[in-house]
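As structure tokens, the structure follows; a few thoughts come after it.
The figures here come from the full heavy-atom set of this structure, side chains too, leaving out hydrogens, waters and symmetry mates. Given the structure is predicted, the values throughout are model-derived calculations rather than measurements.
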Amino acid sequence: MYRAEFTSDFEMPVIEACDTVPECAFVAYDKIALKGMERYGIHFFNEDYKIHSAYTYPMRTFDRLKKHPFVIGLDLSIQDGMPLALKWSNSFKNKLVSAWWQRMGLNVVPNVAICDDSTAEMCFNGYPENSVIAINSMGSHRYYGGEKRFRWCYDKIVERLNPKHILRYGAMYPWEDDSKSTQMPNSNLILRDKLR
């Protein structure tokens with residue numbers, strides 16, 4: 001089994017940079033068993049209960065993912081209101097699984113998730129600079145202050161990691177730099193068109 005490398009300060013798994021902007025569309029992990037999904041990349045922007053098995057059963061998940069051109073890293077929740085220990089645990093799990101998949105040969109786009117100033121250093125720890133990355137804004141449109149919170153996260157990520165390109169899941173905001181950010185097609189639209 002391939003061993004992950006860990007940072008010296010927070011002992012977070014180290015994720016390697018992704019140099020290629022995927023040209024494939026992406027579908028959600030919970031749709032991976034549907035026929036004809038092999039040409040799509042896989043993302044984990046689902047509810048935690050739908051994706052936690054990727055951490056619990058990493059080899060089984062790897063066997064399902066290896067036929068796909070790209071995978072966006074695991075996205076267990078790191079949110080306001082969660083206990084600090086759970087934020088740290090989910091950040092560790094996201095990075096550990098993503099780093100292991102890379103070492104097993106998958107094309108992994110690092111999925112960067114941060115929450116607030118108190119956890120930003122821990123959350124950034126282990127992510128690569130100058131990489132193609134993915135970020136998720138789903139839900140930020142649904143609550144008061146969500147756009148402001150997401151913009152803070154977006155600006156912090158750009159400032160800290162200087163990403164080569166950002167794959168955005170969720171509706172893009174007018175203030176985003178569209179020379180650096182690309183919206184991913186919604187997997188529900190892909191499946192709707194495929195099933196017609």
Side-chain angles (χ1 to χ4, degrees), residues 1-29 32 38-46 48 51-78 87-115 119-137 153-169 177 179-184:
M1 180 178 287
Y2 293 88
R3 295 177 61 88
E5 295 178 29
F6 296 86
T7 63
S8 58
D9 38 9
F10 288 97
E11 298 185 355
M12 285 288 174
V14 175
I15 301 175
E16 297 171 5
C18 173
D19 295 324
T20 306
V21 178
E23 295 183 2
C24 61
F26 285 81
V27 294
Y29 175 67
I32 197 170
E38 294 82 5
R39 70 177 180 263
Y40 299 113
I42 299 297
H43 71 76
F44 288 84
F45 299 130
N46 291 100
D48 285 3
I51 63 173
H52 200 271
S53 63
Y55 172 78
T56 310
Y57 304 104
M59 184 55 85
R60 183 189 306 170
T61 306
F62 169 77
D63 287 339
R64 301 177 80 191
L65 294 174
K66 63 185 178 184
K67 58 192 172 191
H68 294 271
F70 276 90
V71 175
I72 291 177
L74 193 61
D75 189 51
L76 294 170
S77 298
I78 303 170
K87 292 176 187 177
W88 280 58
S89 174
N90 282 354
S91 184
F92 181 88
K93 289 176 181 179
N94 289 342
K95 294 169 192 166
L96 182 66
V97 170
S98 300
W100 185 75
W101 286 339
Q102 284 182 328
R103 284 157 182 76
M104 292 293 286
L106 296 184
N107 293 318
V108 177
V109 177
N111 171 46
V112 179
I114 66 171
C115 181
T119 58
E121 285 303 310
M122 175 275 296
C123 287
F124 279 125
N125 202 241
Y127 286 125
E129 296 180 4
N130 307 307
S131 174
V132 177
I133 64 169
I135 57 177
N136 173 16
S137 69
C153 293
Y154 182 94
D155 290 345
K156 279 280 189 187
I157 288 167
V158 170
E159 174 189 327
R160 180 67 180 267
L161 300 179
N162 188 32
K164 180 184 289 188
H165 193 82
I166 300 171
L167 293 177
R168 281 276 289 101
Y169 189 74
D177 180 353
S179 69
K180 184 162 267 199
S181 292
T182 304
Q183 185 179 19
M184 293 168 48

| query | What's the verdict on side-chain contact (heavy atoms from CB on, under 4.5 Å) for Ile157 and Ile114, showing C-alpha distance, side-chain angles and the deciding distance? | reply | CA-CA 8 Å; Ile157 288 167; Ile114 66 171; 4.1 Å; yes
| message | Using the rule given for side-chain contact (heavy atoms from CB on, under 4.5 Å), can you reason through Met122 versus Met12, listing the C-alpha separation, both sets of side-chain angles and the distance that settles it, and then say yes or no? | response | CA-CA 8 Å; Met122 175 275 296; Met12 285 288 174; 3.5 Å; yes
| request: With side-chain contact (heavy atoms from CB on, under 4.5 Å) as the test, would you mind laying out the steps for Arg39 and His68 before giving the verdict? | output: CA-CA 6 Å; Arg39 70 177 180 263; His68 294 271; over 6 Å; no
| Would Glu5 and Glu16 satisfy side-chain contact (heavy atoms from CB on, under 4.5 Å), going step by step from the backbone distance to the final call? | CA-CA 10 Å; Glu5 295 178 29; Glu16 297 171 5; 5.8 Å; no
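Heavy-atom minimum distance, Tyr127 versus Ala113: OH-N, 3.5 Å. Closest heavy-atom contact between Pro110 and Pro128: CG-CG, 3.9 Å. Asp75 approaches Asn111 most closely through the heavy-atom pair OD1-ND2, 2.8 Å. Ile15 approaches Ser98 most closely through the heavy-atom pair CD1-CB, 4.0 Å. The two residues Ile135 and Val112 come nearest to each other via the heavy atoms CG2-O, 3.4 Å. Nearest heavy-atom pair across Leu74 and Ala54 is CD1-CB, 3.8 Å.
Within the 4.5 Å cutoff, side-chain heavy atoms of Val109 are placed close to those of Phe70. Looking only at side-chain heavy atoms (C-beta outward), Arg64 and Met59 stay at 4.5 Å or farther from each other. For the pair Phe26/Ile72, a side-chain contact is recorded, criterion being any heavy-atom separation below 4.5 Å from C-beta on. Looking at heavy atoms from C-beta onward, Phe6 lies in side-chain contact with Pro13 at the 4.5 angstrom threshold. Here the side chains of Val97 and Gln102 are not in contact, with every heavy-atom distance at 4.5 Å or above.
Listed by chain and number, the residues in a salt bridge (Lys or Arg N to Asp or Glu O under 4.0 Å) with Lys67 amount to none (sequence neighbours excluded). Remark: Ser77 pairs with Asp48, Gln79, Met82 by the side-chain contact (heavy atoms from CB on, under 4.5 Å) rule, at least two apart or across chains. Considering only residues two or more places apart in sequence or on other chains, Tyr55 meets the ring-ring contact (aromatic ring centres under 6.0 Å, His included) condition with His52. Every residue two or more places apart in sequence or in another chain that forms a side-chain contact (heavy atoms from CB on, under 4.5 Å) with Cys115 is listed here: Ile78, Asp80, Lys87, Thr119. For the salt bridge (Lys or Arg N to Asp or Glu O under 4.0 Å) test, no residue two or more places apart in sequence or in another chain qualifies with Arg60. Applying the ring-ring contact (aromatic ring centres under 6.0 Å, His included) rule to Tyr57 yields no partners; only residues at least two apart in sequence or on another chain are considered. A search for ring-ring contact (aromatic ring centres under 6.0 Å, His included) contacts involving Tyr154 returns Trp175, not counting sequence neighbours. Checked against salt bridge (Lys or Arg N to Asp or Glu O under 4.0 Å), Lys156 has the following partners two or more places apart in sequence or in another chain: Asp117. Residues passing the side chain to side chain donor-acceptor pair (under 3.5 Å) test with Ser91, sequence neighbours excluded: Lys95. Judged as a salt bridge (Lys or Arg N to Asp or Glu O under 4.0 Å), and not counting sequence neighbours, the contacts of Asp63 are Lys66. With sequence neighbours excluded, the residues forming a ring-ring contact (aromatic ring centres under 6.0 Å, His included) with Phe44 are Tyr29, Trp101, listed by chain and number.
In this structure, SG in Cys123 is found 14.0 Å from CZ in Phe92, a value given to the nearest 0.5 Å.
Side-chain contact of Thr182 with Arg168: a donor-acceptor pair under 3.5 Å is absent, judged by distance alone. Between the side chains of Asp9 and Asn125, at least one donor-acceptor pair of N or O atoms lies under 3.5 Å.
Applying the side chain to side chain contact (heavy atoms under 4.5 Å, CB included) test between Cys18 and each of Asn107, Leu167, Val132 identifies Val132 as the sole match.
Checked against the 6.0 Å centroid criterion, the rings of Tyr169 and His43 qualify as a close aromatic pair.
Ring geometry for Trp100 against Phe62 counts as perpendicular: the plane angle is over 60°, on a 0 to 90° scale with 30° as the lower cut.
For residues 123-133, the set of pairs meeting the salt bridge (Lys or Arg N to Asp or Glu O under 4.0 Å) definition, not counting sequence neighbours, is empty.
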